[in-house]
Amino acid sequence: MNILFFVGEFPKLSQTFILNQITGMIDAGHEVTILAKKSGTGEKIHPDVRNYELLDHVIYYGNSEQADSRLRKGLSFARALCAHTTARLFNKNYKGNVSFRDLLRNPNLILLIQKLNKVDLSDRAIIMAHFGPNGILAQKCIDIGLLKGKLFTAFHGYDMLRYVKQKGAGAYKSLFRSSAVILPISECWQRRCMELGADPARICVHHMGIDLLRFDSHPSEPGKPIKIVSAARLVEKKGLEYGIEAVGKLIKKGYSLKYLIAGDGPLKDRLQGMIEKKKLTRHVQLLGWKTQDEWIELMKDAQIVLAPSVTAVDGDMEGIPVQLMEAMAMQKLVVSTYHSGIPELIQDQQNGYLVGEKDAVVLADTLEQAILSPEKWRMMTQNARRTIREAFNIQKLNKQLIQLFEEKGKK
């Protein structure tokens, strides 16, 4: 099959779940093209991007310069609109019959139309769009004849909440009325898709997963200090302030702990200020972005991997955090929250621990319970790896995805 992956940024270090699908399709012998608005920021790149020479498979449709203000974005849109209008008037082969309203609601659509009028991707049999807004763009291009493949759209999180809050409850009306197959990554998002009007007959939950072969078992073992680690973009929904507060409470009780946080983001200064204010600088560290290999090394001698996810003020939520899957594959104790699709991965007291959102007191108590119950570690961490092997194994999931492409692509 010729498969077109439609994404926002590529490569993006935090989106290994997309990368795993791409490399899985290539390993299965399928031809892959990646259509992205822009290149990911940052110097660190996942080794598979180089190993598979994936940059040779990418077509970028966005501007090389990044607009950093509303004024510049407005000017960029105006220039693109002028070029688009001129092409429609004077180039009889130009395909771009979309309403001005659609262009205003989806500003990236102009850039995409211009690129697809220059680069023919109409022979791609399967279009795999990640995140709902990319699904909308892909469907618009199908409607005007620039793309002709069967569209599959994966919904991950913000696209079901924050995006809908910005655009309105009817944001996906045209996509949900089309023949596109909707692939929410959790049962939680399946329910949300149906609330927004998606046809249940065209919805199929398809979890993201990890490559179990990359994660050797390093079962949690007692030690001093207890090492707790997190990997996350430093944004509100990751709930890291509650993790820091909970660790601080245990340190005040006399526990020997070290909490290491891999990641970066807009809350870096705020979290660092919190660490300093609570006098935790010897115990809690923000490490910046880490590659997957660096994250694996960080986890090897850790006892606990913590993901204290919360619902952000603007409604933004997680999907099912990949860091938890990776930790469970390595047989680490995982502690997280009853949030979004996380309970589909973790069963409390069976393969990890779950607590309510935004409750540092209960989180501290649960971490203490985990630390004081080493006799349960072996059972829980073995169950954790079994969960990944059976339900979140990317090899199995990619086979299921290919089967979906083959079955639904004919309809």
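Everything quoted here is computed from the prediction, not taken from an experiment. Residues: numbered from 1 along the sequence shown. The analysis underlying the following values was restricted to heavy atoms, covering all of them including side chains, and did not include hydrogens, waters or symmetry mates.
Remark: the Ser217 side chain and the Gln331 side chain contain an N/O donor-acceptor pair separated by less than 3.5 Å.
A salt bridge does not link Asp314 with Lys165: none of the charged nitrogens is closer than 4.0 Å to a carboxylate oxygen. Here Lys238 pairs with Glu318 in a salt bridge; the nearest charged N to carboxylate O distance falls below 4.0 Å. A salt bridge links Lys253 with Glu368: the distance from a Lys NZ or Arg NE/NH1/NH2 to an Asp or Glu carboxylate oxygen falls below 4.0 Å. A salt bridge links Asp301 with Lys227; the closest basic N to acidic carboxylate O contact falls under 4.0 Å. A salt bridge is absent between Lys95 and Asp143: the closest approach of a Lys/Arg side-chain nitrogen to an acidic carboxylate oxygen does not fall below 4.0 angstrom.
In this structure a side-chain-to-backbone donor-acceptor pair under 3.5 Å is missing from Glu31 to Arg124. The closest donor-acceptor contact from the side chain of Lys237 to the backbone of Ser309 lies at 3.5 Å or more, if one exists at all. The backbone N or O of Ile261 sits nowhere less than 3.5 Å from a side-chain atom of Gln285 that would complete a donor-acceptor pair. Using a distance-only test at 3.5 Å, with no hydrogens or angles considered, no donor-acceptor pair links the side chain of Ser122 to the main chain of Leu146.
Nearest heavy atom pair, residue Tyr60 against residue Pro11, reads OH-CD, 4.0 Å. Nearest heavy atoms, Gly319 versus Ile185: CA-CD1, 3.7 Å.
Enclosure of atom CD in Glu375 by more than 12 non-hydrogen atoms of other residues, nucleotides or ligands within 6.0 angstrom is indicated.
Two residues are said to be in side-chain contact when any heavy atoms from C-beta on lie closer than 4.5 Å; Leu363 and Leu306 meet this criterion.
Aromatic ring orientation, His156 versus Phe17: tilted (interplanar angle from 30° to 60°). In this structure, Tyr158 and Tyr163 have perpendicular ring planes: the angle between them is above 60°, well past the 30° mark.
Test Leu121, Ile34, Leu116 against Ile59 for side-chain contact (heavy atoms from CB on, under 4.5 Å) and you get one pass: Leu121.
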